[in-house]
Amino acid sequence: GTALIAAEKLGRKWIGIDVTYLSIAVMKARLADSFGLADVPVVGQPTEIEGARGLAEGPDGRYQFQWWALGLVDAQPVGGQQKKGADAGIDGVIGFTDAGGKRERVIVSVKSGHVNASMIRDLKGTLEREKAAIALFVTLEEPSKPMKQEAVEAGVWPLEVWNRDYPRIQILSIKDLLEDDRHP
């Protein structure tokens with residue numbers, strides 16, 4: 001992304017090309033942070049469930065899918081491109097500021113395969129171990145009723161700055177994210 005940053009600083013037209021969604025997410029984040037360019041179009045990424053499933057099933061697909069999905073929720077990947085194997089239940093992190101300027105975290109877990117309620121229970125344990133405010137479970141498959149019930153049982157986080165309670169564990173499907181108008 002260094003060439004893109006330089007081109008933007010110089011007011012030049014530019015096109016960036018990369019082969020991993022992790023690198024694309026990093027470039028998009030740098031452009032947003034440096035220049036406020038939040039809606040940089042990315043050609044070739046999935047825009048429907050079939051494309052997302054194809055990405056997940058491709059070569060090194062699990063990680064490419066994970067990095068792509070983290071980009072949908074504006075999370076920073078944890079572990080980088082060397083990430084293989086155990087991740088301690090955290091694929092990405094979203095930071096936010098609560099009342100009094102206190103920094104808090106949303107931990108993100110991404111799943112591209114079969115999902116079940118025990119994964120939500122595991123995420124609750126990770127949430128508590130990490131002392132994070134909220135956990136987000138992003139799934140290619142639609143969540144089941146028992147999964148949703150486990151999430152409800154995790155309670156709420158009182159976000160003082162908005163004077164509102166938020167579910168401590170939130171579940172978003174890729175279908176929901178792709179149908180959200182904020183995502184291409």
Side-chain angles (χ1 to χ4, degrees), residues 21-22 25 29 45-58 60-80 83-100 102-184:
Y21 285 100
L22 176 60
Q45 68 183 355
T47 57
E48 80 302 311
I49 292 297
E50 294 77 22
R53 196 171 308 283
L55 176 62
E57 294 169 356
D60 204 25
R62 177 176 163 214
Y63 297 105
Q64 293 298 325
F65 173 83
Q66 177 180 296
W67 295 323
W68 168 75
L70 289 170
L72 290 178
V73 296
D74 298 326
Q76 295 297 315
V78 173
K83 180 178 178 176
K84 301 285 183 195
D87 58 15
I90 303 171
D91 298 315
V93 175
I94 303 167
F96 68 93
T97 305
D98 202 350
K102 185 175 181 204
R103 294 289 299 153
E104 297 289 353
R105 294 180 306 147
V106 176
I107 58 173
V108 183
S109 178
V110 177
K111 301 294 181 201
S112 60
H114 177 72
V115 293
N116 57 51
S118 68
M119 292 176 175
I120 303 299
R121 283 190 293 275
D122 290 346
L123 184 57
K124 182 180 178 191
T126 302
L127 176 69
E128 292 174 5
R129 180 191 75 223
E130 296 294 320
K131 297 178 177 58
I134 296 171
L136 177 59
F137 189 85
V138 178
T139 171
L140 180 57
E141 304 303 326
E142 289 298 312
S144 66
K145 193 172 187 176
M147 289 172 67
K148 292 176 184 177
Q149 184 58 40
E150 284 291 337
V152 167
E153 291 173 10
V156 297
W157 176 265
L159 188 60
E160 293 176 28
V161 79
W162 293 105
N163 196 27
R164 182 174 167 203
D165 292 344
Y166 287 87
R168 290 221 49 220
I169 296 181
Q170 300 176 28
I171 303 172
L172 288 174
S173 71
I174 293 297
K175 180 178 183 268
D176 293 337
L177 289 168
L178 290 174
E179 289 175 355
D180 185 334
D181 290 341
R182 293 175 295 168
H183 302 286

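Side chains are part of it too, since the values below use all heavy atoms of this structure and drop only hydrogens, waters and symmetry mates.
- Residues satisfying the side-chain contact (heavy atoms from CB on, under 4.5 Å) test with Lys175, not counting sequence neighbours, are Ile49, Glu142, Ser173, Glu179.
- For the salt bridge (charged side-chain N to carboxylate O under 4.0 Å, His left out) test, no residue two or more places apart in sequence or in another chain qualifies with Lys148.
- With sequence neighbours excluded, the residues satisfying side-chain hydrogen bond (donor to acceptor under 3.5 Å, both in side chains) with Asn116 are Ser118.
- By the side-chain contact (heavy atoms from CB on, under 4.5 Å) test, Ala52 is found to be paired with Pro46, Phe65, Trp68, Leu140, Ile174, residues two or more places apart in sequence or in another chain being considered.
- When side chains are defined from C-beta on, Asp74 does not count as touching Ile94, because their heavy atoms never get closer than 4.5 Å.
- Summarising the geometry of Ala151 relative to Ile171, their closest heavy-atom pair is CB-CD1, 4.0 Å, with the distance given to 0.1 Å.
- Note that CG of Leu159 and CD1 of Ile134 are 6.5 Å apart. Values are rounded to the nearest 0.5 Å.
- Atoms OH and CG, on Tyr63 and Asp91 in that order, are 9.5 Å from each other to the nearest 0.5 Å.
- A distance of 4.5 Å separates CD1 in Ile107 from CD1 in Ile90, rounded to the nearest 0.5 Å.
- Contact detail for Ala75 and Val108: the closest heavy-atom pair is CB-CG2, 3.9 Å.
- Qualifying salt bridge (charged side-chain N to carboxylate O under 4.0 Å, His left out) partners for Arg168, counting only residues two or more places apart in sequence or in other chains: none.
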Point to revise | From CA spacing to verdict: side-chain contact (heavy atoms from CB on, under 4.5 Å), Val93, Val106 | key: CA-CA 6 Å; Val93 175; Val106 176; over 6 Å; no
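- Listed by chain and residue number, nothing satisfies the side-chain hydrogen bond (donor to acceptor under 3.5 Å, both in side chains) test with Glu48 (two or more places apart in sequence, or in another chain).
- Counting heavy atoms from C-beta on, the side chains of Leu127 and Ile169 come closer than 4.5 Å.
- With sequence neighbours left out, Val115 forms a side-chain contact (heavy atoms from CB on, under 4.5 Å) with Lys111, Met119, Phe137, Thr139, Glu141, Met147.
- Here the side chains of Leu70 and Val138 are not in contact, with every heavy-atom distance at 4.5 Å or above.
- Remark: Tyr166 OH to Phe96 CZ distance equals 9.5 Å, nearest 0.5 Å.
- Of all heavy-atom pairs between Thr126 and Ala88, the closest is CG2-O, 3.6 Å.
- In this structure, Ser144 has no side-chain hydrogen bond (donor to acceptor under 3.5 Å, both in side chains) partners at least two apart in sequence or on a different chain.
- Not counting sequence neighbours, the partners of Glu130 by the salt bridge (charged side-chain N to carboxylate O under 4.0 Å, His left out) test are Arg105.
- With no hydrogens or angles considered, no side-chain donor-acceptor pair links Arg62 and Ser112 at under 3.5 Å.
- Judged as a salt bridge (charged side-chain N to carboxylate O under 4.0 Å, His left out), the pairs with a partner in residues 149-165 (not counting sequence neighbours) are, in order, Arg121-Glu150.
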